[in-house]
2 protein chains.
Amino acid sequence: MNRRVLRTYLIDLLKLGAGEKMIRTPTTHLSVVFGVSQQSASRILNELAKEDYIFKEFRDGNIWVILTEKGMREVEEYMKYVVDAYEHPGTIVMEGYVESGMGEGAYYISKRRYQIQFKDTLGFYPYPGTLNVRLKDPYYISQNRFLRRLPGYKIKGFRTKERIFGGAKVFKALVEDKIEAGVVYAERSIHGFDVVEVISPVYLREALNLKDGDKVRVSVLLNAD
Amino acid sequence: MNRRVLRTYLIDLLKLGAGEKMIRTPTTHLSVVFGVSQQSASRILNELAKEDYIFKEFRDGNIWVILTEKGMREVEEYMKYVVDAYEHPGTIVMEGYVESGMGEGAYYISKRRYQIQFKDTLGFYPYPGTLNVRLKDPYYISQNRFLRRLPGYKIKGFRTKERIFGGAKVFKALVEDKIEAGVVYAERSIHGFDVVEVISPVYLREALNLKDGDKVRVSVLLNAD
DNA sequence: ATTACTAAAAAACGAGTAA
DNA sequence: TTTACTCGTTTTTTAGTAA
């Protein structure tokens, strides 16, 4: 049974109160809550316990359960996702903190072959430089990991006499909900999932008066044609 | 594929922006969003469309989808449920409006054989009368439907020389988050899922100064030992 | 590039039942 | 009453592939 559906059963257990204290949960009762047979309810509890989402104990003829730390984290992340899907449909919102890059972003972005492709896909020639945004909230990191798996616009690599310039993937975005921008994932990225590289037609640090460590919001537009 | 898991895919589509306008969703892309194969993504879309949760169209080589009204309702109800599970664990909260019953509630509740059982299960002898609360919000109605399927405490029926008194099921509850109460479901109830019958050791109308039509909150405690 | 069919494998399910 | 095993059935999944 996969995580996707296990999560939904975790929510049910949370609703019954298993997030706070051990509760008595005869599988015969759970079967009506889960909408499955008693046998399946039993199996589901065992799978949840095996995955360490719940702690399960047999006491005087009954099963008692409580969500584990891992189970609570799972449920909280899932709730955030559901609410987020409703409140921010079509966009992936991430908040993080401005960070100084190595300055090599500027070098890459300024290459004419890249510039042309950015204009074609995003609609603007980017200012030569990237704004690195470091994510701290685990939820935003998971969102970034998710985003990086999506297709986006393909930026093709190329080679000059001297060296090879790798390909990338880019998404339309907004910074601080107002400034047109793009989020770039280099194919051979040096960053982990906790860093987002942002480009824009304007020099963002100036336009938004940003200093290292300032909080900034990046909203990726998933359906910007 | 059951409602439980279809809902989770609906959330994903909502996140992609399919709640607002038609979006292009190649099954090859969806497969990474859903975490399944391309073939399954295709099948899932077809099932969602068959259940009328989404409208799906094939246009110049791509699939475009948008959530239907039914899909949006489903997603909204599910979100409420998830948030509710997190914010009100272990209780089922329902809000409704005070209504006049036929007065027969009082007749039943006052029967000694019932009174004793209420004292045993709820811990109090109920005031002879019930407060009928009519639910309007569809979410509360669905919660009530759900609750009515749970076991609760069994109240046994009995017979006198004159007639038969049916069995019931009772849950511990709080009215307005403060007054000790019980929610009763008669086995042969005359009410639909939009009415909750509340009993209490005190005369609720007086204690809370309630008149017909007043809004009242009933919180059923699922784990009150 | 797509979508979605077929066929075969894998996973999930519940009836029956023992403990 | 419980839980959870076995086992036969159904459902779900994906690889291969045609269109």
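We name chains A, B, ... by the order of the sequence lines, and we start the count at 1 in each one.
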Legend entry - Contact under 4.0 Å: B/S42 side-chain N or O vs C/dT3 OP1/OP2: no
Inset, instruction - Using a cut-off of strictly less than 4.0 Å, decide whether A/R43 has a side-chain nitrogen or oxygen near OP1 or OP2 of C/dC13. - result: yes
Legend entry - Separation of atom CG in B/N62 from atom C1' in C/dA1, rounded to whole Å: 8 Å
Legend entry - Spacing between B/L45 atom CG and C/dA4 atom C1', to the nearest angstrom: 11 Å
Legend entry - ring pair (Phe, Tyr, Trp, His ring centres under 6.0 Å) contacts touching residues 52-86 of chain A (sequence neighbours left out): none
Legend entry - Where at least one partner belongs to residues 1-44 of chain A, residue pairs that pass ring pair (Phe, Tyr, Trp, His ring centres under 6.0 Å), sequence neighbours excluded: A/Y9-A/F34
Inset, instruction - Would you work out how much the helix from C/dT2-D/dA19 to C/dA19-D/dT2 bends between its ends, with each end axis defined by five base pairs, to 10 degrees? - result: 40°
Inset, instruction - Could you pull out all residues at least two apart from B/E47 that satisfy side-chain contact (heavy atoms from CB on, under 4.5 Å)? - result: B/M1, B/L6, B/R43
Which residues satisfy the side-chain hydrogen bond (donor to acceptor under 3.5 Å, both in side chains) test with [X], sequence neighbours excluded?
X      : answer
B/R24  : B/N62
B/N223 : none
B/T27  : B/Q38
A/K50  : none

Inset, instruction - State whether a side-chain donor-acceptor pair under 3.5 Å links B/S37 with B/S40. - result: yes
Inset, instruction - Return yes if a side-chain donor-acceptor contact under 3.5 Å exists between A/N144 and A/Y139, otherwise no. - result: no
Is the shortest side-chain N to carboxylate O distance from [X] to [Y] below 4.0 Å?
X      : Y      : result
B/K154 : B/E187 : yes
A/R3   : A/E74  : yes
A/E51  : A/R7   : no

Legend entry - First and last nucleotide of DNA chain D, 5' to 3', lying under 4.0 Å from heavy atoms of chain A: D/dT2 to D/dC5
Listing time: all N or O pairs from protein to nucleotides 15-17 of chain C that are below 3.5 Å?
unit_1, atom_1, unit_2, atom_2, d
C/dA15, N7, A/Q39, NE2, 2.6
C/dG16, O6, A/Q39, NE2, 3.0

Inset, instruction - Find out whether the Lys NZ or Arg CZ of B/R113 is both under 6.0 angstrom from the six-membered ring centre of B/F165 and within 45° of the ring's axis. - result: no
Legend entry - Cation-aromatic face contact A/R148/A/Y185, 6.0 Å, 45 degrees: no
Legend entry - Proximity to DNA chain C (any heavy atom under 4.0 Å), residues of residues 2-13 of chain A only: A/N2
Legend entry - Stretch residues 47-57 of chain A: residues that reach within less than 4.0 Å of DNA chain C through a heavy atom: none
Inset, instruction - Return yes if some donor-acceptor pair links the side-chain N/O of A/K169 with the main-chain N/O of A/V183 below 3.5 Å, else return no. - result: no
